[in-house]
Amino acid sequence: EAQVTQNPRYLITVTGKKLTVTCSQNMNHEYMSWYRQDPGLGLRQIYYSMNVEVTDKGDVPEGYKVSRKEKRNFPLILESPSPNQTSLYFCASSSLDSPEKLFFGSGTQLSVL
Amino acid sequence: QKEVEQDPGPLSVPEGAIVSLNCTYSNSAFQYFMWYRQYSRKGPELLMYTYSSGNKEDGRFTAQVDKSSKYISLFIRDSQPSDSATYLCAMSFTNAGKSTFGDGTTLTVKP
């Protein structure tokens, strides 16, 4: 089954404790991206990657890091999480032929205390 | 001002009603227009996709794009309780790998 898999689904952590949210896709897609979803602000792009070792900032990259060492994986790293990063996070992937057709994971609800 | 503005809702309709969901945008360079459906506690899923202006129909769903007015719509005919979800409009440039989303409209279809 074609899918984007994120882990964990739920995460509660404390300020300053480094964490990683994993994302993996099995569709051989070139594009991968991370979004956060907040009430009243919609979905905003954090980072995106057009292929292995190629990443670029989205609209709200501050406080986040990403890496793309393998085509299928695109982890999101919060080196020092803060309460304003409490949000619902989505990983998405799309193909080179149709980069605008996004396939989303099920989401990670992060709470930073 | 946001690049993409979506009618905020929430919207509640009886089963069988025709639903109209709307977005406006400010950047005339957008070329691709999408509608995503998001059920509670799930990721968005692509529902409709249109390139440039015009209409596209898929079953009970019709997407309209009017680039001259910078206005897009999604119509749902014979709405069903299973259509209850949040609907997100999204737009992108050519080959950008990035979409700009509206805030979403939550629809409830009552039996």
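We use all heavy atoms of the structure for the numbers below, so side chains are in, but hydrogens, waters and symmetry mates are not. This is a predicted model, so every value here is computed, not measured. Letters go in sequence order (proteins before strands), and every chain restarts at 1.
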Rounded distance (nearest 0.5 Å) linking atom CD of E15(B) with atom CD of Q80(B): 5.0 Å
Heavy-atom contact with chain B under 4.5 Å, split by part of R44(A): neither
Per-residue contact mode, Q109(A) against chain B (heavy atom under 4.5 angstrom): neither
Under 4.5 Å from any heavy atom of chain A - which part of Q6(B): neither
K17(A), NZ: over 12 other non-hydrogen atoms inside 6.0 angstrom: no
Structural part of Y35(A) lying under 4.5 Å from a heavy atom of chain B: side chain
L88(A)-Y47(A) co-clustered via ILVMFWY side chain contacts under 4.5 Å: no
Atom NZ of K71(A): over 12 foreign heavy atoms under 6.0 Å: yes
Test side-chain hydrogen bond (donor to acceptor under 3.5 Å, both in side chains) applied to S24(A) and N7(A), T5(A), N73(A), the passing residue: N73(A)
Residue, of A90(B), S99(B), P44(B), G102(B), that accumulates the most heavy atom pairs under 4.5 Å with chain A: P44(B)
